[in-house]
Amino acid sequence: MMSICNECSNVLFGYPLCDHEFREGACVKCGWDGSRSKYIAYLLWRHNMSDEELSDELHQLDAKFKKLPRFREITKEVTALFPNEPQITLLYCEWVMEEYAETPDGFMNLVVLLNSETVSKIGVPTVVEEPVELGRLQSVYDYLKTATPSQKRQLEIALERQNGAH
């Protein structure tokens with residue numbers, strides 16, 4: 001983390017951007033060469049979304065989540081932790097191996113908001129016979145401590161949706 005570039009630190013942690021001066025392919029102030037990883041490009045794209053676009057993305061993720069072949073199993077795992085029927089909003093969905101993205105047994109990592117108070121990661125194993133892995137539960141407050149600016153905005157929108165459902 002000591003060598004993280006200015007662009008990445010802005011996207012990941014909200015640090016101020018450098019007023020770049022490029023010479024010979026790199027910024028003379030911070031050393032950035034203009035490159036971005038696929039992950040940072042995705043985060044930057046999300047960071048620049050309007051609230052409406054981010055809300056639409058959440059809606060699309062929610063629809064995708066409910067169509068997952070193992071949705072009922074995931075819901076059952078979450079319901080075991082909460083006495084009442086839980087509200088589950090998918091915040092993030094990542095296929096571990098992109099070639100499994102359209103198969104019923106692809107391994108994916110999910111990040112979900114539960115009942116407007118808890119965030120959890122859920123691992124859905126490649127082999128359908130393996131159980132869904134509910135990750136460590138963390139409070140919304142703790143999640144926000146390490147969330148990127150776009151994750152914070154997305155969580156705010158998800159909280160509004162869940163709280164509006166009451």
Side-chain angles (χ1 to χ4, degrees), residues 1 4 8-16 37-98 100-166:
M1 293 303 282
I4 189 169
C8 292
S9 67
N10 174 260
V11 173
L12 293 170
F13 308 113
Y15 293 137
S37 70
K38 186 176 174 182
Y39 177 68
I40 292 297
Y42 170 74
L43 287 179
L44 190 58
W45 171 73
R46 290 186 74 231
H47 180 72
N48 291 321
M49 284 180 157
S50 69
D51 286 351
E52 184 177 313
E53 290 170 321
L54 207 47
S55 183
D56 287 347
E57 183 191 31
L58 267 179
H59 183 72
Q60 290 170 4
L61 278 173
D62 216 31
K64 183 178 187 177
F65 181 50
K66 289 179 176 131
K67 290 179 183 175
L68 288 176
R70 300 184 78 184
F71 174 73
R72 286 193 178 127
E73 185 181 348
I74 294 165
T75 304
K76 183 180 173 184
E77 287 291 317
V78 171
T79 303
L81 299 173
F82 293 90
N84 300 328
E85 185 176 330
Q87 291 182 9
I88 306 170
T89 301
L90 182 61
L91 298 174
Y92 181 72
C93 173
E94 171 191 49
W95 294 97
V96 174
M97 295 177 67
E98 202 59 42
Y100 289 117
E102 299 303 322
T103 67
D105 59 351
F107 188 93
M108 59 178 15
N109 290 316
L110 310 175
V111 177
V112 296
L113 171 65
L114 306 168
N115 292 359
S116 299
E117 61 191 37
T118 307
V119 176
S120 180
K121 290 185 179 177
I122 299 174
V124 182
T126 303
V127 179
V128 176
E129 291 78 26
E130 291 181 21
V132 168
E133 303 166 7
L134 189 61
R136 178 177 68 91
L137 300 175
Q138 77 185 124
S139 70
V140 166
Y141 175 78
D142 287 338
Y143 177 79
L144 286 171
K145 287 180 187 177
T146 59
T148 66
S150 65
Q151 288 170 328
K152 289 176 184 177
R153 284 182 51 230
Q154 186 181 38
L155 183 63
E156 289 170 6
I157 291 168
L159 285 166
E160 286 175 15
R161 288 181 66 195
Q162 281 195 358
N163 291 329
H166 287 300

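In this chain, numbering begins with 1 at the start of the sequence shown. Side chains are part of it too, since the values below use all heavy atoms of this structure and drop only hydrogens, waters and symmetry mates.
Without hydrogens or angle criteria, Asp62 side chain to Thr89 main chain gives no donor-acceptor distance under 3.5 Å. Judged by distance alone, with hydrogens and angles left aside, the side-chain atoms of Gln87 form no donor-acceptor pair with the main-chain N or O of Leu114 at under 3.5 Å. Of the possible polar contacts, none joining the Glu133 side chain to the Val124 backbone as a donor-acceptor pair under 3.5 Å is found. A distance-only check finds no donor-acceptor pair linking the side chain of Asp142 to the backbone of Gln138 [under 3.5 Å].
Between the CD atom of Glu156 and the CG atom of Asp51 there is a distance of 8.0 Å, given to the nearest 0.5 Å. Here Ile88 contributes atom CD1 and Ile74 contributes atom CD1; the two are 8.0 Å apart, rounded to the nearest 0.5 Å. Rounding to the nearest 0.5 angstrom, the gap separating the CG atom in Leu61 from the NZ atom in Lys66 is 11.5 Å. For the atom pair Ser50 OG and Asp56 CG, the distance stands at 7.5 Å (nearest 0.5 Å). Here the OG-CD distance, from Ser55 to Gln154, works out to 10.0 Å after rounding to the nearest 0.5 Å. Rounding to the nearest 0.5 angstrom, the gap separating the CD atom in Glu52 from the CD1 atom in Ile157 is 10.0 Å.
Around atom NZ of Lys76, no more than 12 heavy atoms belonging to other residues, nucleotides or ligands sit under 6.0 Å away.
Shortest non-hydrogen contact noted between Lys152 and Leu144 is CE-O, 3.2 Å. Between Gly135 and Ser120 the shortest heavy-atom distance is O-OG, 3.2 Å. Minimum interatomic distance between Leu58 and Ala158 (heavy atoms only, all atoms of both residues): CD1-N, 3.6 Å. In terms of heavy atoms, Val132 sits closest to Glu73 at N-OE2, 3.2 Å.
Looking at Lys67 and Phe71, their side chains never come closer than 4.5 Å, going by heavy atoms from C-beta outward. Within the 4.5 Å cutoff, no side-chain heavy atoms of Thr118 are placed close to those of Val140. Within the 4.5 Å cutoff, no side-chain heavy atoms of Lys121 are placed close to those of Leu110. Using a 4.5 Å cut-off on side-chain heavy atoms (C-beta onward), Leu113 and Gln162 make contact.
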